[in-house]
Trainee: 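Right, I'll just put the structure down here and ask away after.
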Protein chains: 2
Amino acid sequence: MTKVQTAGETDEKGEGFLKSIAIDAVIFGFHDNQLKVLLIEYKGTGLFALPGGFIKTEEDLNNAALRVVSERIGLEDIFLEQFYVFGDYSRYNPAQFKIIMSANGAVPADDHWLLKRFISIGYYALVDFTRAKPTPAAIFDSCDWYDLNNMPPLIQDHTFIVKKALNSLRSNLDHKVVGLNLLPQDFTMGDLQKLYETILGKKLLRPAFQRKMLALGILERVAKKWTGGAHKAPYLYKFINETIDFSSKP
Amino acid sequence: MTKVQTAGETDEKGEGFLKSIAIDAVIFGFHDNQLKVLLIEYKGTGLFALPGGFIKTEEDLNNAALRVVSERIGLEDIFLEQFYVFGDYSRYNPAQFKIIMSANGAVPADDHWLLKRFISIGYYALVDFTRAKPTPAAIFDSCDWYDLNNMPPLIQDHTFIVKKALNSLRSNLDHKVVGLNLLPQDFTMGDLQKLYETILGKKLLRPAFQRKMLALGILERVAKKWTGGAHKAPYLYKFINETIDFSSKP
């Protein structure tokens, strides 16, 4: 939760926001055959976290999640899915947030709304790495992509939230939205296979993978350009019908 | 949300509960080849709703959901899954809750915590119909099973919540937990097929269904009892290893 991010905009009672509820966003990108996740670092603390935020009093929950993610990557057309609500009492750690808030100026009062217990609604986002522009807020030292296998320690239960998001992504892997949102518009069968292998964390057999993908009827071949020496360039594919529901609404 | 259920236990500020967050439970049972859902009726209003409740200040979210469901059906070992968070601003309807609360006694003040906007975390529960004991709270006129295809109109967006829960159940149908929790311990292949047909809302081919189910390796045949004339009684099956995670924790 980027609690501090909004702290400056509100009084200590959090006027204008729903209380007790936060959003945490696991933003996945795919690059160099690695699945990446966007992390922020709170200024002057060395503490890393997932991007997050709160819901305005008259704002739809899913729109709030879209706003939180858009602010960090500068895109509006984002595939977003709720995947789990994190609500164990043990995740409540006001001391850690007191450090974060204090490092950014005034020390908050003990009854500050941001130091109370929050339940966090987890969303994962799938974004085209090549189009996303990681954008820190004023109270961050950084906002960057990290390899899933090489993340710094995260505050609170954020490492667990990433793990849970990855599991949800894996069980939704049959849907073309995964490939559609993590790959550029045109890609090779090899690119697609590497994406699946990366998400699943295991090698797949090339012929079986290609057969299965083509059988789904969701890919079309992009006309090959004649490029001189590129006789052996692999076919490029794209997804048929790029209309998907970005709103994540039911 | 059975907002009124807890209203009597708290002051107007809702001391002891997290604000803005409710739980709504879609409790599925299976009986007479029908999928049933448990509904409550608020006393003196004719208004029907899903069972629901709130999270205590130091209570885990999933434990709160378990408590909410247990109180209505008198069982502790319940399969519970979060399936969606309902957070559109348009679902906010304080007038309806004012009617419900007023019908039960004192008219609530306009700034009563239960008349503020809530975001609701949807859980579905799968329970053995034969073991569940629907139990109304004092402020309900009734607490009963209804056929999914024959529900009364529900308050707020509760009909949509049921529909969304059913969709989630359908997409999780590969898991044995569905059969394990909706059927009695011993059942026939026909019982199992009817359960799947009911959830999916379509007929399945008997031989293919049986083959697929047996291939999963999750069923074992129960020794047939010799019952005189019952030469043609179908085989009974049960699920191998009934250990499942009732906590719904990750």
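Chain identifiers are assigned alphabetically (A, B, ...) following the order of the sequence lines, protein sequences preceding nucleic acid strands; residue numbering begins at 1 within each chain.
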Trainee: Do side-chain atoms of B:R117 reach the backbone of A:T57 as a donor and acceptor pair under 3.5 angstrom?
Mentor: yes
Trainee: Got a second to check how far A:I121's CD1 is from B:Y84's OH, nearest 0.5 Å?
Mentor: 10.0 Å
Trainee: Say you draw a straight line from NZ of B:K19 to CH2 of A:W113; how long is it, rounded to the nearest 0.5 Å?
Mentor: 14.0 Å
Trainee: Once salt bridge (Lys or Arg N to Asp or Glu O under 4.0 Å) is applied, do any residues pair with B:E41, and if so which ones, sequence neighbours excluded?
Mentor: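 Salt bridge (Lys or Arg N to Asp or Glu O under 4.0 Å) list for B:E41, sorted by chain: empty.
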Trainee: Using 0.5 Å steps for rounding, measure from the CG atom of A:L61 to the OG atom of B:S120.
Mentor: 11.0 Å
Trainee: My understanding is that only residues two or more places apart in sequence, or in another chain, count here; which of them pass side-chain hydrogen bond (donor to acceptor under 3.5 Å, both in side chains) with A:K98?
Mentor: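 Partners of A:K98 under the side-chain hydrogen bond (donor to acceptor under 3.5 Å, both in side chains) test: A:D110.
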Trainee: Under the 3.5 angstrom rule, does the side chain of B:E58 hit a backbone N or O of A:Y89 as a donor-acceptor pair?
Mentor: no
Trainee: As an exercise: rank A:V85, A:I55, A:L18 by heavy-atom pairs under 4.5 Å with chain B and give me the winner.
Mentor: A:V85
